[in-house]
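Indexing begins at 1, ligand by ligand and atom by atom, following the structure's order.
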Amino acid sequence: MRITFKNSAGVLLLAVSGALIGGCANTESRPEVAEPTDEEIKQLMISSFKEKGIAKLDRVNQTELQKACSLAESDPGSLTDAKRVKLQEAALAAVKFPVDGKYLGDWKAGEKLAQTGVGFQFSDKEGTAAGGNCYACHQLAPEELSYGNLGPSLYQYGKLRGNSEEIMKYTWVKIWNSHAYNACSNMPRFGAEGILTETQMKDAMALLLSPDSPVNK
Ligand code: HEC
């Protein structure tokens with residue numbers, strides 16, 4: 001039996017549990033099991049994922065980019081460099097930059113949203129303001145000792161990179177849609193998916209780039 005998970009990038013992750021439960025008794029007598037098709041995996045996910053509250057079944061529908069990245073998990077050759085570049089270019093072209101041209105908001109509000117993972121959960125009400133949950137994957141301010149490491153440490157991000165227009169733009173794009181620079185990134189697409197508002201993204205930017213932010217002390 002196979003259990004299928006979908007990570008934040010919508011990439012299908014497969015964990016073979018049958019082999020674990022069965023132990024390593026007698027591999028020779030085990031019948032060949034055919035790889036499930038993409039459609040079978042999707043149907044399995046649909047049957048095991050129950051709609052609850054605001055979490056609807058459309059969440060299992062993948063974008064073209066997510067489909068390409070899922071396929072590349074089992075067939076790396078399927079995602080050619082040319083295709084990868086094309087997907088990234090399309091993601092980049094859709095990025096919306098701040099209307100007033102200002103990138104930095106309030107780092108204190110940024111720290112709060114980096115700490116909160118509320119929003120889009122089945123237990124949340126429609127329209128609940130979402131957080132960024134950045135600490136779930138990144139180290140940021142050194143005062144916060146509890147952080148995940150799926151993403152790189154962002155401690156001293158601004159101190160190390162400065163805040164040139166180029167760095168501001170790069171960081172904005174990364175937060176808006178991480179796939180624009182890394183097609184199969186596991187980071188949520190905060191702008192592209194409407195998770196954070198423009199103001200919230202500016203606050204996250206200030207947390208990373210403002211010289212006053214504890215991230216840069
Ligand atoms: C589910 C995990 C996850 C969450 C949540 C997450 N990130 Fe990331 N982030 C990643 C991963 C993985 C990478 C590295 C891969 C990549 O660059 O796409 C990354 C890369 C980055 C980078 C680029 C770092 C570099 O060295 O260039 C920035 C900036 C960033 N994240 C900011 C944020 C901010 C701000 C938040 C919260 C609003 C956040 N991330 C939330 C997983 C996450």
Flag if over 12 foreign heavy atoms under 6.0 Å of NZ, Lys56: yes
Are any of the heavy atoms in [X] under 4.0 Å away from ligand 1?
X: Ala114; result: no
X: Tyr170; result: yes
X: Ala136; result: no

For the backbone of Gly158 and the side chain of Asn163, can you confirm whether one donor and one acceptor N or O come within less than 3.5 Å of each other? no
Do any N or O atoms from the side chain of Ser74 and from the backbone of Leu71 form a donor-acceptor pair under 3.5 angstrom? yes
Asp38 side chain reached by Ser70 side chain, heavy atoms, under 4.5 Å: no
Evaluate salt bridge (charged side-chain N to carboxylate O under 4.0 Å, His left out) for Glu64 paired with Lys67, printing each intermediate quantity in order. CA-CA 5 Å; Glu64 286 311 308; Lys67 277 184 202 153; 3.5 Å; yes
With a cut-off of under 6.0 Å to the ring centre and 45° to the axis, is Lys174 in cation-pi contact with Tyr181? no
In terms of atom number and element, which parts of ligand 1 are under 4.0 angstrom from non-hydrogen atoms of [X]?
X: Arg161; answer: 25 (C), 26 (O), 27 (O)
X: Asn182; answer: 15 (C), 16 (C), 17 (O), 18 (O)
X: Gly132; answer: 5 (C), 37 (C), 38 (C)
X: Asn133; answer: 5 (C)
X: Ser185; answer: 16 (C), 18 (O)

Please report, to 10°, the angle around atom 8 (Fe) of ligand 1 from atom SD (Met187) across to atom NE2 (His138). 170°
Shortest non-hydrogen contact from Leu140 toward Cys134: CD1-CB, 3.7 Å
Heavy-atom pair with the smallest gap, counting every atom of Met201 and Leu196: CE-O, 3.7 Å
Considering only heavy atoms, does Leu207 approach ligand 1 within less than 4.0 Å through its side chain, its backbone, both, or neither? neither
With a 4.0 Å heavy-atom cut-off (strictly under), which part of Phe190 contacts ligand 1: side chain, backbone, both or neither? side chain
